[in-house]
Amino acid sequence: MTLQRLTRPLTLVLLSAVVLYPLVWMLGSSFKSPAEVLNNVAVLPDEWTPGNYTDGWSNFDVSFGRFFVNSALVAGLTVVANCISCLLAAYAFARLKFRLRGFWFAIMIGTLLLPGHVLIVPQFVMFKTFGWVGGDWPYAPLIVPQLLATEAFFVFLMVQFMRGVPRDLDEAATIDGCSPYGVFRHVILPLSRPALVSTAIFSFIWTWNDFFRQLVYLSDLEKYTAPVALTLFIDSSGQSSVGPMFAMSVLSLAPVFLFFVAFQRMLVEGINTSGLKG
């Protein structure tokens, strides 16, 4: 019995060490000189170089803080757009009756099978036609589609949650004179907080870490987000400022880590109450 009690925590510690080692190594490498990064595989540097953070922060004509502001803007607006549009779409699928509801829901779920990279070319052509690519506000291709409930995963998550809400509440609200909008406003919306929190957390993390789509649509240095700006540390000749790059990578991970830690409990609650149990 004692051996069994020790096995589980030791296994968890070992797995945690394997998962966390790359992050710890990156944190240690952010204090190494470029030569030591290539020659010293240890976690801790032989010679600490805290100047990597100041060098990386002011390495370009634009401060790296500007890239953080751009990432926060894109991630924040994406969170708001996803929460509003996906909640409305999920309410329609879960609560309203209309023709071919099951068919359109199946089509929406089918979009989960399409890799995002398959859609990037037709989307780019369409947004280019709209004049959004390279326009006055280059973030439009990244944010406007989220207003149309294009994230099927979040719609599905909310639909699963709403299906768990008793329909007796809808009927009681209807008897009291509520329209479908009133049922949504006074019944579904207050009860959907766990699903909304889960959507907000995933939207923020995925958008903040997104690289490919932002690289495709952003061409102005002042409009770059943090993930795209990290590529600037590697020049066309293949030379890289690895120390400052690791330093800015650590800072770029900090908002995601803090966001996850702050809302971890609500995230687990939202998943457990949304019908997505393993």
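Sequential numbering from 1 along the given sequence is applied to the chain's residues. We use all heavy atoms of the structure for the numbers below, so side chains are in, but hydrogens, waters and symmetry mates are not.
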On a heavy-atom basis, which atom in [X] and which in [Y] lie closest, and how many Å separate them?
X	Y	value
Phe31	Pro50	CD2-CA, 4.0 Å
Leu148	Ser85	N-CB, 4.2 Å
Gly28	Lys32	O-CG, 3.5 Å
Arg101	Ala92	CD-O, 4.0 Å
Met162	Arg95	O-NH1, 2.9 Å
Phe211	Pro227	CD1-O, 3.6 Å

Gap between atom [atom2] of [Y] and atom [atom1] of [X] - 0.5 Å precision:
X	Y	atom1	atom2	value
His186	Leu169	NE2	CG	14.0 Å
Leu23	Ser249	CG	OG	11.0 Å
Asp210	Thr78	CG	OG1	9.0 Å
Leu218	Arg213	CG	CZ	10.0 Å
Phe154	Cys83	CZ	SG	8.5 Å
Ile175	Asp170	CD1	CG	11.0 Å

**Prompt:** Yes or no on side chain to side chain contact (heavy atoms under 4.5 Å, CB included) for Trp132 and Met126, after CA distance, side-chain angles and deciding distance?
**Reply:** CA-CA 9 Å; Trp132 293 355; Met126 181 176 64; over 6 Å; no
Does [atom1] in [X] sit with more than 12 non-hydrogen atoms of other residues, nucleotides or ligands closer than 6.0 Å?
X	atom1	result
Asp61	CG	no
Trp48	CH2	yes
Phe257	CZ	no

Quick one: does [X]'s side chain get under 4.5 Å of [Y]'s, heavy atoms only?
X	Y	result
Leu96	Pro180	yes
Ser192	Phe161	yes
Leu232	Tyr224	yes
Tyr91	Tyr181	no
Val155	Glu151	no
Phe68	Pro255	yes
Tyr53	Phe246	no
Phe67	Leu230	no

**Partner of Thr11 under side-chain contact (heavy atoms from CB on, under 4.5 Å), chosen from Leu15, Leu14, Val13** =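 It is Leu15, the one option of Leu15, Leu14, Val13 that forms the side-chain contact (heavy atoms from CB on, under 4.5 Å) with Thr11.
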[X] side-chain N/O to [Y] backbone N/O, donor-acceptor pair under 3.5 Å:
X	Y	value
Asn52	Ser30	yes
Ser63	Gly65	yes
Ser252	Ala226	no

Would [X] and [Y] show up in the same hydrophobic cluster when neighbours are defined by side-chain heavy atoms closer than 4.5 Å?
X	Y	answer
Met158	Leu147	no
Trp137	Leu221	yes
Trp25	Leu20	yes
Leu73	Leu215	yes
Val121	Phe124	yes

**Prompt:** Looking at Phe202, Phe204, Trp208, which hits ring-ring contact (aromatic ring centres under 6.0 Å, His included) with Phe259?
**Reply:** Phe204
**Request:** Using only heavy-atom distances, determine whether the side chains of Asn82 and Ser203 contain a donor-acceptor pair under 3.5 Å.
**Result:**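 On atom types as modelled, these side chains qualify, holding a pair under 3.5 Å.
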**Message:** Can a side-chain donor-acceptor contact be found between Thr225 and Gln214 if the only test is distance below 3.5 angstrom?
**Reply:** yes
**Message:** ring-ring contact (aromatic ring centres under 6.0 Å, His included) for Phe153 and Trp206? Distances and angles first, verdict last.
**Reply:** CA-CA 12 Å; Phe153 172 79; Trp206 291 353; 5.8 Å; yes
**Six-ring centre of Phe105, Arg163 cation under 6.0 angstrom, axis tolerance 45°** = yes
